[in-house]
Amino acid sequence: MSFFPTEDRDGTTIVTLTNGERNTLHPALLEEGIAAFQALADNPPPHGVVLTGAGEHFTCGMDTKIAAALDKTGQKQAAAAIDAFAASLHRLPCAFVVALNGNTIGAGGIMALAADWIVAAQGDYKIGLPEAKAGLPFPSVPQAILDHWLDPVWRRRLALSSHLLNPVEALSAGLADELASPGQLLEQAVATARELAAQPGFKACKRQLRAKANAEIDAILKG
């Protein structure tokens with residue numbers, strides 16, 4: 001069973017992160033995700049990509065039980081996998097929209113910031129970056145994504161306090177761009193991806209906008 005099953009919806013590829021109740025991340029899942037998003041980058045869907053989560057959560061971040069069991073070598077490999085996965089999202093050349101269907105914690109916030117547009121479902125759930133509380137500092141590529149795409153004041157507040165936001169608060173902080181009713185979340189996200197992709201200059205503008213961040217990410221990955 002895939003951790004990232006896909007569905008084609010008239011030229012928009014919907015990717016659904018699927019891993020148990022909380023959609024937590026671990027090295028094997030990240031490796032599959034890297035391959036999946038690299039394939040999408042190599043052959044971009046004409047009307048973009050939408051990433052969402054299965055069930056009630058987008059993702060609750062890294063699987064802390066698996067992370068705690070890793071030795072030093074495993075920790076380095078996991079950090080490298082997180083870097084490569086975040087880079088694969090950030091480098092997508094086509095329109096890329098995330099549809100936040102529930103709790104979006106830690107790495108989930110980085111995944112959202114790697115997108116071109118964030119649609120968040122209305123509801124009682126949390127979005128945030130509690131790495132300080134979890135004792136898991138940001139790996140280099142997620143830090144670069146934070147530095148480029150989150151307002152410095154909110155970056156300081158969220159990274160150092162581990163404060164979690166509701167969807168309305170996330171809208172003000174820049175961790176969401178619009179809200180949708182839960183029943184219309186995917187449809188709204190797909191429509192947004194299509195609208196972005198339909199602009200004649202979208203890919204060129206995205207390439208320009210992300211050039212500095214991608215150059216920084218490339219330098220990190222090359223070591």
Side-chain angles (χ1 to χ4, degrees), residues 2-4 15-38 49-70 74-92 96-116 118-120 125-150 154-155 157-165 167 170 173-176 213 216-217 220-221:
S2 173
F3 293 118
F4 294 93
V15 183
T16 304
L17 171 58
T18 306
N19 183 31
E21 181 182 351
R22 293 161 55 84
N23 290 330
T24 51
L25 311 179
H26 56 74
L29 179 149
L30 293 169
E31 292 295 342
E32 182 183 320
I34 293 163
F37 285 98
Q38 182 57 59
V49 172
V50 171
L51 173 62
T52 192
E56 297 182 357
H57 304 277
F58 180 68
T59 174
C60 292
M62 287 296 294
D63 188 314
T64 54
K65 290 183 180 179
I66 291 178
L70 296 174
Q75 291 170 4
K76 289 182 179 179
Q77 292 172 341
I82 293 169
D83 279 342
F85 179 64
S88 72
L89 299 178
H90 193 271
R91 287 170 168 161
L92 280 173
F96 176 36
V97 176
V98 293
L100 305 184
N101 55 303
N103 287 319
T104 302
I105 308 299
I110 301 299
M111 293 162 65
L113 289 170
D116 303 314
I118 305 167
V119 185
Y125 65 92
K126 298 298 183 181
I127 301 169
L129 303 161
E131 273 75 0
K133 187 174 183 178
L136 298 169
F138 297 103
S140 298
V141 172
Q143 184 63 58
I145 290 171
L146 273 177
D147 290 345
H148 281 274
W149 305 121
L150 191 62
W154 279 106
R155 188 165 69 235
R157 290 174 179 172
L158 297 178
L160 298 182
S161 73
S162 297
H163 182 64
L164 301 177
L165 308 175
L175 277 170
E216 184 175 334
I217 288 169
I220 290 168
L221 295 180

Checklist line | Note, F4 side chain near T18 side chain (heavy atom, < 4.5 Å) | finding: no
Notebook entry, point to check: When rounded to the nearest 0.5 angstrom, what distance separates CD1 in I118 from CG in L51?
Noted result: 11.0 Å
Next item on the list: Quick one: pull up NE2 in H26 and CD in E32 and give me the separation to the nearest 0.5 Å.
Entry: 9.0 Å
I'd like a table of donor-acceptor pairs (distance under 3.5 Å, sequence neighbours excluded) in which one partner is a side-chain atom from residues 96-114, with atom names and distances.
from : atom 1 : to   : atom 2 : distance (Å)
N101 : OD1    : T52  : OG1    : 3.4
N101 : OD1    : G53  : N      : 3.1
N101 : ND2    : G53  : O      : 2.9
N101 : ND2    : G55  : O      : 3.0
N101 : ND2    : H57  : O      : 3.1
N103 : OD1    : K126 : N      : 2.8
N103 : ND2    : H57  : ND1    : 3.2
T104 : OG1    : G102 : O      : 2.9

Checklist line | Smallest separation among heavy atoms of S140 and D83, with atom names | finding: N-OD1, 3.4 Å
Note to self: For R91, I'd like to know if atom CZ has over 12 heavy atoms of other residues, nucleotides or ligands within 6.0 Å.
What the structure shows: yes
Check: What is the minimum heavy-atom distance between P27 and I66, and which atoms define it?
Finding: CD-CG2, 4.2 Å
Item checked: Side-chain heavy-atom pair L25, N19 within 4.5 angstrom cut-off -> no
Check: Does N23 offer a backbone N or O that forms a donor-acceptor pair with the side chain of T59 under 3.5 Å?
Finding: yes
Check: Between F85 and F37, what is the ring plane arrangement, given parallel below 30°, perpendicular above 60°, and tilted in between?
Finding: perpendicular
Check: Considering only heavy atoms from C-beta outward, does the side chain of H148 approach that of H90 to under 4.5 Å?
Finding: no
Next item on the list: Kindly determine whether T24 and T64 satisfy side chain to side chain contact (heavy atoms under 4.5 Å, CB included), including the steps that lead there.
Entry: CA-CA 9 Å; T24 51; T64 54; over 6 Å; no
Item checked: Heavy-atom pair with the smallest gap, counting every atom of L70 and A78 -> CD1-CB, 3.8 Å
Next item on the list: Find out whether L129 and L150 are in side-chain contact, i.e. whether some heavy atom of one side chain is under 4.5 Å from a heavy atom of the other.
Entry: yes
Checklist line | P139 side chain near I220 side chain, heavy-atom distance below 4.5 Å | finding: no
Check: Once you round to the nearest 0.5 Å, how far does CG of L146 lie from CG of L158?
Finding: 9.0 Å
Note to self: Ignoring hydrogens, what is the shortest heavy-atom contact between L221 and A84? Give both atom names and the distance.
What the structure shows: CD2-N, 4.3 Å
Next item on the list: Looking only at non-hydrogen atoms, find the nearest pair between T16 and A54 and report the distance.
Entry: CG2-N, 3.5 Å
